[in-house]
Amino acid sequence: MTASMPSMPLQVPTEPFIDGDASAHLEELINGTLPSVDVVPELGTGVDVELVGPHLRLSGTIGLGRFRRLSDLVNHHDGLIGLRNATILRRNGTATRVTAPTIWVSPAEVTLIGELSGGTPPEAPPEFRIRKDPLDLVFVTPGHTLTGQVHIVEGGQFAAFIESNDPQFIALSEARTRSRADRRIIARYTFALLNRRHIVATMVLAPEMARGRTVL
């Protein structure tokens, strides 16, 4: 016969850091008031975005330079990408005190790039347009579960599309994400780019799963 052990109260951490959330650690490094961020914009179009990784979330502007679309820039860029007027965000999307005129980010470590403008990417000229079919998918990444709509070439096979290594970032429409570290944290983007190298698993959205409402 074994004696029952008395229940112990849960120990609540007293330190402010959230496991796996780099924003709290970065904010801890700040002493005093930071100067306001006001950078002269570069020539060319700038796109307001959020960059989301497993342990870091930030917002700012990416200059497209000679490229017409954000997807063209990201998928044809070598090295780090400069994010102007950047702000480090907490996991739930609220801004921290950490800002910088420019933060350089490795796209290989970014799971999702979400456009904040709410607009749609410019269409290609008619002679370059390819007919595509929409397909609703569920994705699991190291830090999130996502739903979104991809477009594959008309008559193409989904397996060939998803098994390919190119392009590195997949275009998603009506993307919705849920943090795996905190299921209460949900984000929505009209247009986003998903790093296919961060995809742990994916499947076609089942009929009983409502796109835009349900994330695993």
Side-chain donor-acceptor contact under 3.5 Å, His198 with Thr111: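 Indeed, the side chains of His198 and Thr111 share at least one donor-acceptor pair under 3.5 Å.
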
ILVMFWY cluster, Trp104 and Ile113 together (side-chain gap under 4.5 Å):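 Each belongs to a different hydrophobic cluster.
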
Under a 3.5 Å distance rule, please check whether [X] uses its side chain to pair with a backbone N or O of [Y] as donor and acceptor.
| X | Y | answer |
| --- | --- | --- |
| Asn92 | Ile185 | no |
| His76 | Asp72 | yes |
| Arg178 | Arg183 | yes |
| Thr102 | Arg84 | no |
| Asp21 | Arg91 | yes |
| Arg90 | Ala95 | yes |

Atom pair [atom1] ([X]) and [atom2] ([Y]), whose distance is rounded to the nearest 0.5 Å:
| X | Y | atom1 | atom2 | answer |
| --- | --- | --- | --- | --- |
| Arg97 | Thr87 | CZ | OG1 | 13.0 Å |
| Leu137 | Leu146 | CG | CG | 10.5 Å |
| Glu163 | Arg196 | CD | CZ | 10.5 Å |

Residue pair [X] / [Y], side-chain heavy-atom distance below 4.5 Å:
| X | Y | value |
| --- | --- | --- |
| Val140 | Arg180 | yes |
| Ile88 | Leu56 | yes |
| Val200 | Pro142 | yes |
| Val105 | Leu58 | yes |
| Leu194 | Thr141 | yes |
| Ile162 | Phe139 | yes |
| Val52 | Leu89 | no |
| Leu172 | Val150 | yes |

Please find the pair of heavy atoms, one from [X] and one from [Y], that lie closest to each other, and give the distance.
| X | Y | value |
| --- | --- | --- |
| His151 | Phe161 | O-CE1, 4.5 Å |
| Ser59 | Glu50 | CB-CG, 4.1 Å |
| Pro134 | Gln149 | CB-CD, 3.6 Å |
| Gly63 | Leu73 | O-CD2, 3.6 Å |
| Ile103 | Ala100 | CG1-CB, 3.7 Å |
| Leu80 | His77 | O-NE2, 2.8 Å |

Verdict with reasoning, Leu135 to Val204, per side chain to side chain contact (heavy atoms under 4.5 Å, CB included): CA-CA 7 Å; Leu135 190 62; Val204 177; 4.2 Å; yes

Option passing side chain to side chain contact (heavy atoms under 4.5 Å, CB included) with Val110 (candidates Val74, Leu51, Leu193, Ile81):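 Result for side chain to side chain contact (heavy atoms under 4.5 Å, CB included) with Val110: Leu51.
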
Any pair counted as salt bridge (Lys or Arg N to Asp or Glu O under 4.0 Å), so long as it reaches residues 140-161, sequence neighbours left out: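 Every salt bridge (Lys or Arg N to Asp or Glu O under 4.0 Å) pair that includes a residue of residues 140-161, provided the two are not neighbours, is Arg131-Glu154.
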
Criterion side chain to side chain contact (heavy atoms under 4.5 Å, CB included) on Ile62 and Leu83, from CA distance to verdict: CA-CA 5 Å; Ile62 294 179; Leu83 188 68; 3.6 Å; yes

Lys/Arg cation over aromatic Phe169: Arg69, 6.0 Å, 45° cone: no

